[in-house]
Amino acid sequence: MLFNSYLFLGGFLPVALCGFAVACRLGRRAALLWMIAVSGVFYAWWAPGFLPLLLASVAGNYAVAMAIGSSADRPVRQAWLLSGAIAADIAVLVGCKALAPVQPPGLSFFTFTQIACLLDWQAQGHPRRGLLEYGVLVGFFPHVIAGPIPLGREILPQLHDPATLRLSAHNLAIGGGIFVIGLLKKTLLAEPLGDIVARGFTAPETLTLLPAWQAALAWSLQLYFDFSGYSDMAIGLGRMFNLHYPVNFASPYKAQSIIDFWQRWHMTLTRFLMHRLYAPLTVLVLRWRRSRGWKVDRKAQQTIGGFTAMLAMPLLATMLLAGIWHGSGWTFLLFGMLHGVFLAINHAWRLFRTGRRSTAIPAVIGRVGLTYLCVLLGAVLFRSPSVAAAASLLGGMAGLHGVVLDAPTAHALFHAELAAAWLAGLFAIVWFAPNTQQIIETSWRPTLPWALAFGCGATLGLLSLGGTGEFLYFQF
Amino acid sequence: MMPLDGNSTQRTLTDVTAAIRTVLDQPDLDLTLASSLEDIPNWDSMDLIAVVVELECRYDILFELPQIDSFARVGDMVRAVAAKCHLRAA
């Protein structure tokens with residue numbers, strides 16, 4: 001059941017909200033139970049066979065969290081419990097990724113949420129929340145399939161606040177507005193690009209210079225608006241139920257460096273990877289160096305050996321694993337490696353450069369453009385069915401298949417002015433328009449014009465339903 | 001978090017300041033318990049890890065990662081070092 005389907009919008013969501021309003025009147029426990037019940041229905045609609053896996057994962061991790069909480073004075077037992085639970089979580093994740101013909105929806109996301117929770121609770125103390133609250137944290141339907149990946153400290157205190165478990169007109173209006181913006185991004189901006197992208201990536205060897213660029217640019221925009229739209233919808237839905245999720249997408253194509261890009265794209269996944277993978281690897285390397293009497297300070301990081309060991313290797317390892325997480329093919333491995341190299345170069349630049357970064361407009365444009373080109377290169381690998389196909393498309397972009405506009409290929413995609421104007425319009429939105437957070441925080445007011453605008457937007461979004469539908473990130 | 005007496009707090013603050021100065025190669029850096037790590041010129045997450053590892057080495061203690069993530073001010077580090085030392089002594 002997709003967020004952008006008539007079934008969800010006309011059936012599931014109104015029932016879920018009305019039931020929530022009633023359940024809130026019956027008390028806190030009833031409200032939490034209702035949130036879990038509708039999430040169970042939502043998940044089972046996707047894949048009823050995997051619902052027991054989700055329930056077992058939640059119950060198992062919660063049991064370990066409780067055991068860790070009751071072992072505060074026995075650190076060795078805590079460490080064994082934590083290690084065992086994380087090993088089991090990762091074994092299920094890797095096992096399903098490697099062996100299962102059909103992937104359990106959202107497995108990565110609810111696994112990461114729980115691993116982060118266990119680590120936080122082991123280090124900072126168990127917050128003594130009940131199973132119902134934990135169930136909502138992990139499996140609430142807006143985020144269970146593809147994130148955002150919330151932290152326990154972001155969601156659990158909200159569930160403890162009586163104001164959260166009460167239907168709020170203010171939050172319904174804001175959440176509805178965020179959802180409508182996401183729906184429009186998905187239906188009006190992302191989905192129309194699907195045909196161009198599919199045709200371009202199916203036969204890259206036939207594309208001359210401009211069609212090849214068109215296919216690649218269209219893909220980068222489709223992925224952008226699809227994931228941005230999904231994130232808005234998930235965050236908007238959470239807000240309708242009074243939950244404030246962390247921001248997950250903040251104009252990543254406005255980034256002025258690859259480091260900046262990853263701090264804006266799928267932000268909660270980046271946070272998880274940086275805090276739970278990169279940081280532990282770095283700590284291990286630095287402790288190992290220090291135990292041998294080697295320095296770990298800035299000067300040591302500015303030597304070739306120090307930079308390689310302390311920055312480049314942990315980054316490469318993290319991004320390689322992130323690449324493999326997306327899929328098992330060579331294209332994903334290369335995608336991860338490429339971004340690892342980009343990040344290492346970016347860190348080296350920051351470490352070794354002298355002088356301040358220029359704020360002159362040409363310099364900013366240059367940085368944004370260079371960052372986008374790096375991202376585009378990775379995106380071509382990410383979408384291509386094979387490395388050879390990616391190389392072929394990149395070859396076409398370099399003019400190796402010819403530069404003639406009216407190439408005698410049946411697959412030529414470039415329909416001159418119209419397509420160029422459409423892509424230019426989308427890039428104008430990407431680079432110059434405010435993002436959803438900025439619109440809601442700085443412009444939106446509970447006024448009639450805004451209500452009309454969102455009403456018209458919702459109507460337009462509903463009328464535009466019926467494309468391919470599924471969100472690109474659901475496969476992960 | 002355990003309470004600290006003034007002398008031991010000052011000693012630990014001196015050590016934490018020394019570790020930060022060493023890592024950043026800024027010998028004139030002046031810090032207090034209230035100093036925000038983010039406000040230190042050119043500070044980044046790598047510096048945080050390097051400073052923590054320096055302190056671990058100096059005091060023969062180990063920090064867990066989520067605790068490292070929670071360090072926002074110099075005072076957080078000072079209190080965490082003191083608590084770890086207190087636990088080890090007990």
Side-chain angles (χ1 to χ4, degrees), chain A residues 72-73 75 78-79 82 115-125 151-153 259 263 271-272 274-302 306-307 310-312 314-315 343 346-348 350-351 353-354 356-357, chain B residues 1-2 15-29 31 37-38 40-77 79-90:
Chain A
D73 52 345
Q78 266 195 343
L82 182 68
I115 289 175
C117 209
L118 287 172
L119 286 165
D120 281 348
W121 287 0
Q122 191 261 341
Q124 295 167 357
L151 297 177
R153 62 174 176 271
I259 294 173
Q263 288 168 347
R271 174 175 69 178
F272 180 85
M274 288 297 118
H275 286 225
R276 305 300 170 206
L277 205 53
Y278 170 71
L281 285 172
T282 308
V283 168
L284 280 179
V285 170
L286 264 64
R287 281 177 180 160
W288 176 77
R289 283 178 64 92
R290 207 67 191 83
S291 70
R292 298 174 72 94
W294 297 347
K295 291 190 177 304
V296 298
D297 56 22
R298 278 270 177 98
K299 278 185 180 169
Q301 291 167 31
Q302 287 172 330
F307 177 79
M310 289 189 275
L311 278 154
L315 271 174
L343 283 167
N346 197 169
H347 276 281
R350 279 179 15 154
L351 207 56
R353 91 165 163 224
T354 54
R356 296 177 67 82
R357 197 160 83 159
Chain B
M1 203 62 78
M2 57 162 288
D15 283 347
V16 170
T17 304
I20 295 174
R21 285 174 177 165
T22 303
V23 165
L24 297 179
D25 193 26
Q26 295 182 29
D28 301 326
L29 199 60
L31 299 169
L37 297 174
E38 291 296 329
I40 297 172
N42 301 322
W43 178 265
D44 68 22
S45 57
M46 186 68 184
D47 297 321
L48 173 63
I49 294 175
V51 168
V52 165
V53 171
E54 283 289 344
L55 292 170
E56 287 179 341
C57 188
R58 190 167 302 188
Y59 284 95
D60 192 22
I61 53 177
L62 285 178
F63 290 105
E64 292 86 15
L65 264 169
Q67 190 174 18
I68 298 173
D69 288 340
S70 71
F71 294 152
R73 295 183 180 279
V74 172
D76 299 334
M77 282 191 186
R79 280 185 285 276
V81 167
K84 287 278 178 192
C85 292
H86 181 73
L87 262 182
R88 200 187 50 189

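Small disclaimer: the values here were computed from a predicted structure and weren't measured. A, B, ... follow the sequence lines: proteins, then strands. Residue 1 opens every chain. Reckoned from all heavy atoms, side chains included, excluding hydrogens, waters and symmetry mates.
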(request) Can you tell which part of B/Asp47 gets under 4.5 Å to a heavy atom of chain A, answering side chain, backbone, both or neither? (result) side chain
(message) Which residues pass the ring pair (Phe, Tyr, Trp, His ring centres under 6.0 Å) test with A/Trp288, not counting sequence neighbours?
(response) A/Trp294
(message) Using the rule given for side-chain contact (heavy atoms from CB on, under 4.5 Å), can you reason through B/Leu65 versus A/Leu119, listing the C-alpha separation, both sets of side-chain angles and the distance that settles it, and then say yes or no?
(response) CA-CA 8 Å; B/Leu65 264 169; A/Leu119 286 165; over 6 Å; no
(request) Would you check if A/Lys295 and B/Thr22 make a side-chain contact, meaning some heavy-atom pair closer than 4.5 Å? (result) no
(request) Not counting sequence neighbours, which residues clear side-chain hydrogen bond (donor to acceptor under 3.5 Å, both in side chains) with A/Arg271? List them please. (result) A/Glu154
(message) To the nearest 0.5 Å, what is the distance between CG on A/Leu286 and CD on B/Glu56?
(response) 9.5 Å
(message) Using heavy-atom distances under 4.5 Å, tell me whether A/Arg276 contacts chain B through its side chain, its backbone, both, or neither.
(response) side chain
(request) Side chain from CB out, backbone as N, CA, C, O: work out which of these in B/Ser70 comes under 4.5 Å of a heavy atom of chain A, or both, or neither. (result) side chain
(request) Before accepting this row, confirm whether a basic side-chain N of the pair A/Lys299/B/Asp25 lies closer than 4.0 Å to the acidic partner's carboxylate O. (result) yes
(request) Could you pull out the closest heavy-atom pair between B/Asp69 and A/His275, with the gap in Å? (result) OD2-ND1, 3.1 Å
(request) Enter the distance from B/Cys57:SG to A/Arg287:CZ here, rounded to the nearest 0.5 Å. (result) 11.0 Å
(message) Is A/Met310 in contact with chain B via its backbone, its side chain, both, or neither, using a 4.5 Å heavy-atom distance?
(response) both
(request) Would you check if B/Met46 and A/Leu351 make a side-chain contact, meaning some heavy-atom pair closer than 4.5 Å? (result) no
